[in-house]
Amino acid sequence: AFAHQGAGGMNPGVQHEVSPHDLRYARWMQRGAVLGFVLLLLSYALYLGGVLAPAVDLERLPQLWTLPVAQYLQASGSRDGWYWLSQLHQGDYLNVLGIAVLASVTPLCYLAVLPGLWRAGEHALAWIAIAELLVLLCAAAGVLSA
């Protein structure tokens with residue numbers, strides 16, 4: 001078990017137990033956040049540097065950004081949903097990969113700690129993690145869309 005001393009004036013001197021599950025979650029969160037951020041930086045550099053041609057010319061974006069989503073999609077020749085995965089060879093779509101990695105960090109963290117929670121007898125927390133995963137999966141699949 002690890003102990004963490006309270007910080008920032010919040011109960012100074014009080015020791016809090018940090019569970020192995022908390023540490024595992026934090027490690028996965030840190031690695032995923034760093035990976036997503038690096039992907040964002042690299043893809044943005046490739047986009048701005050013109051290494052990968054964009055689907056929508058940079059000069060057209062200001063006028064397209066003012067449109068409602070449906071009109072933007074039509075005017076730009078884009079589609080919604082998971083279409084972006086087939087367009088990663090284009091600079092502007094490659095940026096979405098870093099965003100998707102960042103959006104995936106929380107569910108991956110839940111998956112990482114779920115077996116340990118179950119083995120430790122933390123069944124209520126495990127069921128909460130499962131419920132969170134199901135909601136996120138439904139949202140990603142578009143089940144919760146209007």
Side-chain angles (χ1 to χ4, degrees), residues 1-10 16-120 122-146:
F2 297 90
H4 171 71
Q5 194 151 2
M10 295 177 47
H16 302 279
E17 287 291 318
V18 178
S19 76
H21 316 299
D22 294 338
L23 292 173
R24 184 175 180 90
Y25 188 98
R27 277 193 308 272
W28 278 72
M29 180 64 72
Q30 180 185 23
R31 291 175 185 153
V34 168
L35 175 63
F37 184 68
V38 168
L39 286 172
L40 281 172
L41 287 176
L42 289 175
S43 63
Y44 192 60
L46 291 172
Y47 172 58
L48 284 184
V51 176
L52 296 174
V56 179
D57 290 327
L58 193 56
E59 296 79 31
R60 285 187 62 208
L61 282 180
Q63 79 183 96
L64 293 177
W65 281 340
T66 63
L67 300 174
V69 173
Q71 290 177 10
Y72 171 87
L73 292 173
Q74 183 179 19
S76 66
S78 300
R79 295 194 312 234
D80 60 356
W82 293 91
Y83 172 75
W84 65 273
L85 280 172
S86 68
Q87 302 302 309
L88 291 177
H89 61 282
Q90 297 180 305
D92 45 359
Y93 278 97
L94 185 59
N95 289 311
V96 179
L97 183 61
I99 296 167
V101 167
L102 289 174
S104 301
V105 173
T106 296
L108 291 174
C109 290
Y110 285 137
L111 285 172
V113 299
L114 193 54
L117 288 172
W118 199 264
R119 280 193 304 274
E122 299 280 354
H123 296 148
L125 289 176
W127 282 113
I128 291 171
I130 290 168
E132 290 278 352
L133 285 166
L134 289 173
V135 168
L136 292 170
L137 181 64
C138 288
V143 172
L144 304 177
S145 299

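Because only heavy atoms are used, hydrogens play no part in the values below, and waters and symmetry mates are left out as well, while side chains stay in. Counting begins at 1 with the first residue of the sequence.
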Checklist entry - Quick one: side-chain hydrogen bond (donor to acceptor under 3.5 Å, both in side chains) partners of Ser104, sequence neighbours excluded? => result none

Checklist entry - What's the spacing between Tyr25 OH and Cys109 SG if we round to 0.5 Å? => result 5.0 Å

Item to check | Separation between OG of Ser78 and CG of Asp92, rounded to the nearest 0.5 Å | outcome: 7.5 Å

Next on the checklist: Can you tell me how far apart CG (Leu134) and OH (Tyr110) are? Round to the nearest 0.5 Å.
Outcome noted: 12.0 Å

Next on the checklist: Within this structure, what is the CH2-CD1 distance for the pair Trp118 and Ile130, rounded to the nearest 0.5 Å?
Outcome noted: 6.0 Å

Item to check | Flag side-chain contact, heavy atom, 4.5 Å: Arg31 against Val105 | outcome: no

For residues 35-47, which side-chain N or O atoms pair as donor and acceptor with protein atoms under 3.5 Å away, sequence neighbours left out?
residue, atom, partner, partner atom, Å
Ser43, OG, Leu39, O, 2.8
Ser43, OG, Leu40, O, 3.2
Ser43, OG, Asn95, OD1, 2.9

Sequence neighbours left out, cut at 3.5 Å: what donor-acceptor pairs do the side chains of residues 55-75 make with other protein atoms?
residue, atom, partner, partner atom, Å
Arg60, NH2, Ala75, O, 3.0
Thr66, OG1, Gln63, O, 2.8

Next on the checklist: Please find the pair of heavy atoms, one from Gly77 and one from Tyr83, that lie closest to each other, and give the distance.
Outcome noted: O-OH, 4.1 Å

Checklist outcome for this item: CG (Leu114) and CH2 (Trp127) are apart, to the nearest 0.5 Å, by 9.0 Å

Item to check | Separation of Thr106 OG1 from Met29 CE (nearest 0.5 Å) | outcome: 4.0 Å

Checklist entry - So which heavy atom on His21 is nearest to which on Ala120, and how close? => result NE2-CB, 3.7 Å

